[in-house]
Amino acid sequence: EKLPLAQQLMYYLIILTGIRRGECFGLQWGDIDFDNHTIRIERNVTYTAFDGITVGLPKTDTGIREIPLTNKVMDMLKEYQENESSNYALSDNAFLFHSSESVFHPHEPTYLTKHLKRFMKQIGLPDMSPHDLRHTCATMLIQSGADIKSVQDILGHADASTTLNVYVKSNIDNMR
């Protein structure tokens with residue numbers, strides 16, 4: 001709760017939707033459907049020392065997808081949009097998480113990994129990456145009764161076996 005709203009929103013988006021960090025940083029305001037409480041994943045932001053920050057397509061063809069959002073995330077998005085619009089002229093192709101130079105340039109995605117690792121250490125929790133939050137999302141969805149096809153679609157996997165074998169972890173209570 002003490003984190004800036006932008007950082008809270010990044011974490012909530014990843015843990016509640018299972019999007020990848022690059023997909024999170026690829027979100028633009030036009031990807032949010034405030035009426036239907038969904039986001040559309042159409043971009044992935046990557047960083048390499050050679051190429052710098054690049055915006056491309058998601059990892060797979062099935063990575064382009066629509067994901068439902070909770071009321072809490074929608075409220076955070078509305079508040080964040082209000083805060084951002086007081087500082088910037090926002091349009092549909094402005095990035096939610098943008099560089100300091102321009103709202104039309106995404107923030108470097110490695111920022112999220114570095115910040116999360118520092119944050120986890122600061123609050124005394126085990127080391128974690130944004131991808132661990134994606135795993136947590138998949139496991140929580142399955143444990144709460146979501147069917148595997150829905151989880152596969154939310155995560156953007158081409159094959160349900162990836163969802164089952166990589167992201168869903170056994171739970172001793174479920175096994176009992």
Side-chain angles (χ1 to χ4, degrees), residues 1-28 31-32 37-47 53 55-60 62-80 95-98 106-174:
E1 295 295 321
K2 294 178 182 176
L3 291 175
L5 180 59
Q7 290 169 340
Q8 288 182 43
L9 184 56
M10 289 174 204
Y11 294 150
Y12 270 93
L13 280 168
I14 291 175
I15 201 164
L16 294 177
T17 66
I19 60 177
R20 297 170 179 92
R21 73 174 188 183
E23 294 170 340
C24 183
F25 279 74
L27 286 171
Q28 295 177 339
D31 299 328
I32 301 166
H37 291 210
T38 61
I39 55 171
R40 180 126 177 101
I41 304 300
E42 296 185 352
R43 276 166 239 82
N44 186 55
V45 177
T46 57
Y47 173 82
I53 298 172
V55 180
L57 294 173
K59 191 174 176 181
T60 64
T62 54
I64 297 174
R65 62 204 186 276
E66 192 171 344
I67 303 173
L69 297 174
T70 64
N71 290 334
K72 166 109 175 138
V73 172
M74 289 306 301
D75 290 343
M76 291 175 78
L77 279 166
K78 289 174 188 169
E79 182 182 351
Y80 184 61
F95 287 91
L96 268 69
F97 307 111
H98 53 82
H107 203 296
E108 181 182 330
T110 56
Y111 162 82
L112 186 59
T113 303
K114 292 173 189 171
H115 183 273
L116 180 60
K117 288 185 175 295
R118 253 192 332 266
F119 177 67
M120 297 305 284
K121 186 175 182 177
Q122 179 184 4
I123 63 173
L125 290 175
D127 185 39
M128 191 175 282
S129 74
H131 210 74
D132 292 325
L133 300 180
R134 178 172 163 83
H135 284 252
T136 301
C137 175
T139 302
M140 290 187 322
L141 286 169
I142 293 293
Q143 288 178 350
S144 65
D147 63 274
I148 193 62
K149 178 64 176 152
S150 295
V151 177
Q152 172 192 345
D153 290 346
I154 287 170
L155 296 177
H157 290 151
D159 190 333
S161 65
T162 302
T163 309
L164 285 168
N165 294 332
V166 179
Y167 289 89
V168 180
K169 305 296 181 221
S170 295
N171 174 307
I172 193 68
D173 293 329
N174 289 347

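- Judged as a side chain to side chain contact (heavy atoms under 4.5 Å, CB included), and not counting sequence neighbours, the contacts of I15 are L133, T136, M140.
- Atoms CD and CG, on E42 and D31 in that order, are 5.0 Å from each other to the nearest 0.5 Å.
- To the nearest 0.5 Å, the span separating CD1 on I14 from OG on S129 amounts to 9.5 Å.
- Q28 is linked by a side-chain hydrogen bond (donor to acceptor under 3.5 Å, both in side chains) to R43, counting only residues two or more places apart in sequence or in another chain.
- For the atom pair CG of L112 and CZ of R20, the computed distance is 14.5 Å after rounding to the nearest 0.5 Å.
- When the ring-ring contact (aromatic ring centres under 6.0 Å, His included) test is applied to H107, the partners found at least two apart in sequence or on another chain are F25, Y111.
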Evaluate T60 against H157 for side chain to side chain contact (heavy atoms under 4.5 Å, CB included), listing each step before the verdict. CA-CA 7 Å; T60 64; H157 290 151; over 6 Å; no
Taking distance alone, no hydrogens or angles, what donor-acceptor pairs closer than 3.5 Å link side-chain atoms of residues 116-123 to residues at least two apart or in another chain?
unit_1: K117; atom_1: NZ; unit_2: D127; atom_2: OD1; d: 3.1
unit_1: K117; atom_1: NZ; unit_2: D127; atom_2: OD2; d: 3.0

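- Shown here are the side chain to side chain contact (heavy atoms under 4.5 Å, CB included) partners of E79, two or more places apart in sequence or in another chain: L5, N83.
- For the atom pair L96 CG and I32 CD1, the distance stands at 4.0 Å (nearest 0.5 Å).
- The side-chain hydrogen bond (donor to acceptor under 3.5 Å, both in side chains) test applied to D147 returns S150, not counting sequence neighbours.
- We find the CE-OH distance between M76 and Y11 to be 11.5 Å, quoted to the nearest 0.5 Å.
- From L155, atom CG reaches atom CG of L141 across 7.0 Å, with rounding to the nearest 0.5 Å.
- The side-chain hydrogen bond (donor to acceptor under 3.5 Å, both in side chains) search around Y12 returns none, not counting sequence neighbours.
- The side chain to side chain contact (heavy atoms under 4.5 Å, CB included) test applied to T70 returns L16, K72, V73, not counting sequence neighbours.
- A search for salt bridge (Lys or Arg N to Asp or Glu O under 4.0 Å) contacts involving D153 returns K149, not counting sequence neighbours.
- When side chains are defined from C-beta on, V45 does not count as touching F97, because their heavy atoms never get closer than 4.5 Å.
- In this structure R65 satisfies the side-chain hydrogen bond (donor to acceptor under 3.5 Å, both in side chains) test together with E23, sequence neighbours excluded.
- T17 contributes no side-chain N or O that, together with a main-chain N or O of L69, makes up a donor-acceptor pair within less than 3.5 Å.
- V151 approaches A146 most closely through the heavy-atom pair CG2-CB, 3.8 Å.
- The one candidate from L13, I41, T38 that meets the side-chain contact (heavy atoms from CB on, under 4.5 Å) condition with I67 is I41.
- Contacts of T110 classified as side chain to side chain contact (heavy atoms under 4.5 Å, CB included), with partners at least two apart in sequence or in another chain: R21, Y47, E108, K114.
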